[in-house]
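Below, chain A is the first sequence line, B the second, and so on; all start at residue 1.
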There are 2 protein chains.
Amino acid sequence: MGAGTKDQPNVTPRRVAQTRSRILEAVITSLDEVGYSECSINRVQQLAGVSRGALTHHFPSKEDIMVQTLLQLLAPVRGPASPTEEAQLLQPTPEMGTLPDQLQHLWHRVINTREGRALMEILVAARTDPALSARITPALWAYNDDFNRNIAHLYQASAAHAKEFSLLWSICRSFMRGLHSQAAYERDPEIITKMVDLFGRIMAPHLSPRAPAEGPPAAP
Amino acid sequence: MGAGTKDQPNVTPRRVAQTRSRILEAVITSLDEVGYSECSINRVQQLAGVSRGALTHHFPSKEDIMVQTLLQLLAPVRGPASPTEEAQLLQPTPEMGTLPDQLQHLWHRVINTREGRALMEILVAARTDPALSARITPALWAYNDDFNRNIAHLYQASAAHAKEFSLLWSICRSFMRGLHSQAAYERDPEIITKMVDLFGRIMAPHLSPRAPAEGPPAAP
DNA sequence: TTGGACAGACCATGCGTTCTGTTTTACGAT
DNA sequence: ATCGTAAAACAGAACGCATGGTCTGTCCAA
């Protein structure tokens with residue numbers, strides 16, 4: 001497993017990052033599978049396979065755990081810090097497809113995933129937790145700004161709603177978020193897909209994809 | 001069931017109903033203000049001003065509390081059992097107004113209320129609680145059916161989406177649900193109102209109000 | 001006298017936090 | 001190169017406390 005034969009200056013940072021990552025992954029899995037109220041420190045520790053000391057060393061309080069988890073969940077969509085993952089999420093497939101296709105992609109690959117559901121658990125929990133809310137609000141604002149800026153490279157509003165572009169995408173995201181609590185109780189899972197499709201067709205006239213000029217988002 | 005002629009034979013049933021109501025109200029308030037994970041039995045008991053014995057007598061387990069609270073929250077929108085409250089919720093004001101107005105009404109008076117937020121807390125919590133989920137799913141299905149049936153008296157889909165009427169309203173409800181987790185973190189609260197308005201204007205061409213013929217919903 | 005409505009004490013369990021150790025790494029002085 | 005030492009990384013026990021559930025007891029109407 002030894003990485004560098006000559007120098008391994010990052011063997012410890014790597015190990016540290018791995019421990020942190022294992023913990024955060026366990027938090028995400030727990031949030032998704034048992035929800036916020038059952039996402040206890042004991043459960044996370046056991047699932048991550050780390051000791052209590054390691055956990056409290058990296059995250060002194062439960063609030064820290066949730067804040068850092070949220071930051072990790074928000075990171076892929078944020079700025080071009082990690083172009084690889086961003087490409088998977090917002091930079092759509094080579095053929096961009098219509099808006100309904102794009103929304104289906106967003107729902108199945110981004111929103112309705114372990115990470116997406118975990119994010120929702122934190123958002124809902126933070127609504128009634130002032131301390132947590134205060135700590136995550138700046139990150140959420142920055143996330144919104146980044147999302148709007150990135151998505152503006154790919155879509156544009158119709159002439160009728162020129163100045164309401166970000167509002168249109170906020171509506172899309174709200175719809176997707178609400179789908180979370182709907183999907184769990186729908187008789188026929190196919191209905192969710194149909195809802196996304198119909199919603200996409202309704203929104204399509206107001207939100208058209210940009211001509212695929214060469215990409216300014218990738219370069220810098 | 002009429003009141004007693006002389007004495008008060010229903011003084012006890014009234015007292016019982018009052019105790020139950022005080023408990024459920026306390027649950028709703030707690031869910032709204034501190035969320036599901038902090039909605040403990042002790043808190044509810046203290047807020048309702050009842051003893052522990054009374055609480056466990058009416059609701060043997062915490063799961064029972066949540067199930068009964070959900071049923072209470074769903075009751076007003078369901079069948080014509082209580083036409084008074086239904087009138088406030090779905091039977092819009094004498095002048096029905098446009099769809100954006102109707103959605104604003106729904107958001108401000110139904111969804112974004114103590115009861116609406118409490119309902120969301122239960123829905124989110126039940127997603128990861130199989131026992132709770134199993135007990136509330138039938139009620140949620142019936143609620144959906146009742147809602148669709150009642151709203152069909154007031155609106156109709158455009159010709160293009162004739163058979164997708166209930167799907168259209170499901171989209172509306174999903175959007176509203178998602179607004180919950182958006183409203184808590186929006187910089188400018190006015191944006192929520194703008195989102196509802198724009199969404200209403202986008203949906204309006206596909207969901208037109210029916211001509212106000214005399215009402216079949218009132219008479220059974 | 002019975003059973004429903006309520007009152008309040010009691011209990012085992014799991015919670016989040018804090019604390020004291022032990023191992024590993026980093027790094028400047030030698 | 002080697003050593004010494006401080007800090008980081010990790011391990012695990014212990015603590016105080018709130019939780020949900022249970023259990024016995026009291027009141028009152030039927």
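- Looking at residues two or more places apart in sequence or on another chain, you find a side-chain hydrogen bond (donor to acceptor under 3.5 Å, both in side chains) between A:Glu63 and A:Arg135.
- Applying the side-chain hydrogen bond (donor to acceptor under 3.5 Å, both in side chains) rule to A:Ser61 yields the partners A:Asp64; only residues at least two apart in sequence or on another chain are considered.
- Summary of helix geometry: the two end axes of the helix from C:dT1-D:dA30 to C:dT30-D:dA1, each defined by five base pairs via their C1' atoms, are inclined to each other by 10° (rounded to 10°).
- The stretch residues 32-66 of chain A touches DNA chain C through A:Ser40, A:Ile41, A:Asn42, A:Arg52, A:Thr56, A:Ser61, A:Lys62, each having a heavy atom within less than 4.0 Å of the strand.
- Remark: B:Glu115 pairs with no residue by the salt bridge (charged side-chain N to carboxylate O under 4.0 Å, His left out) rule, at least two apart or across chains.
- Residues from residues 120-133 of chain B with heavy atoms under 4.0 angstrom of DNA chain D: there are none.
- The salt bridge (charged side-chain N to carboxylate O under 4.0 Å, His left out) check on B:Arg20 picks up nothing, with sequence neighbours excluded.
- A:Val27 has its side chain out of reach of A:Leu47: every pair of non-hydrogen atoms, C-beta onward, lies at least 4.5 Å apart.
- Residue pairs meeting the salt bridge (Lys or Arg N to Asp or Glu O under 4.0 Å) criterion with at least one partner in residues 40-61 of chain A, sequence neighbours excluded, are absent.
- With sequence neighbours left out, the side-chain hydrogen bond (donor to acceptor under 3.5 Å, both in side chains) criterion links A:Thr128 to no other residue.
- Evaluation of the side chain to side chain contact (heavy atoms under 4.5 Å, CB included) rule for A:His57 yields no partner, not counting sequence neighbours.
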Enumerate, atom names and distances included, each donor-acceptor pair closer than 3.5 Å involving a side-chain atom of residues 119-126 of chain B, sequence neighbours excluded.
residue: B:Glu121; atom: OE1; partner: B:Tyr36; partner atom: N; Å: 3.1
residue: B:Glu121; atom: OE2; partner: A:Arg127; partner atom: NH2; Å: 3.1

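- Counting only residues at least two apart or on different chains, the side-chain hydrogen bond (donor to acceptor under 3.5 Å, both in side chains) pairs with a member in residues 180-191 of chain B are A:Asp145-B:Arg187.
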